Amino acid sequence: METNITYYIALLVLIIIGFVVVKKVASCLLKSIFTIVLLAIAVAIYYFYLR
């Protein structure tokens, strides 16, 4: 159970960092790429550790 909490916390930190970076980035293309990368990381964490 502790490992699931750890991965949820890691995912939450990724989301918070993502919002901060996206607010600072001006280009729409970079925002799209960054969002896709974050989603891919979140899906990988879910698939490999929380499933």
Side-chain angles (χ1 to χ4, degrees):
M1 183 68 180
E2 290 179 20
T3 56
N4 285 346
I5 293 172
T6 304
Y7 291 115
Y8 285 129
I9 291 172
L11 185 60
L12 183 63
V13 169
L14 274 175
I15 291 170
I16 291 171
I17 291 172
F19 282 132
V20 170
V21 170
V22 166
K23 280 187 172 187
K24 303 234 181 244
V25 175
S27 172
C28 193
L29 178 62
L30 289 178
K31 285 183 188 179
S32 300
I33 292 172
F34 188 75
T35 304
I36 291 170
V37 168
L38 274 182
L39 285 174
I41 291 170
V43 168
I45 288 173
Y46 173 77
Y47 183 75
F48 289 115
Y49 298 109
L50 300 176
R51 191 170 62 111

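Because only heavy atoms are used, hydrogens play no part in the values below, and waters and symmetry mates are left out as well, while side chains stay in. Everything numeric in this text was worked out from a predicted model, so none of it was measured.
To the nearest 0.5 Å, the span separating CD1 on Ile17 from CG on Leu12 amounts to 10.0 Å. The CG atom of Leu11 sits 10.0 Å away from atom CD1 of Ile16, with the distance rounded to the nearest 0.5 Å.
In this structure, Ile36 is not a member of the same hydrophobic cluster as Ile15, with clusters built from ILVMFWY side-chain heavy atoms closer than 4.5 Å. Following chains of ILVMFWY side-chain contacts shorter than 4.5 Å, one can reach Tyr47 starting from Val37, so the two form part of one hydrophobic cluster. Tracing side-chain contacts under 4.5 Å through hydrophobic residues (I, L, V, M, F, W, Y), one never reaches Leu39 starting from Phe34; they form parts of separate clusters. A single hydrophobic cluster is seen to contain both Tyr46 and Ile41, as judged by linkage of ILVMFWY side chains at heavy-atom distances under 4.5 Å, directly or through other members.
Minimum interatomic distance between Gly18 and Leu38 (heavy atoms only, all atoms of both residues): CA-CD1, 3.4 Å.
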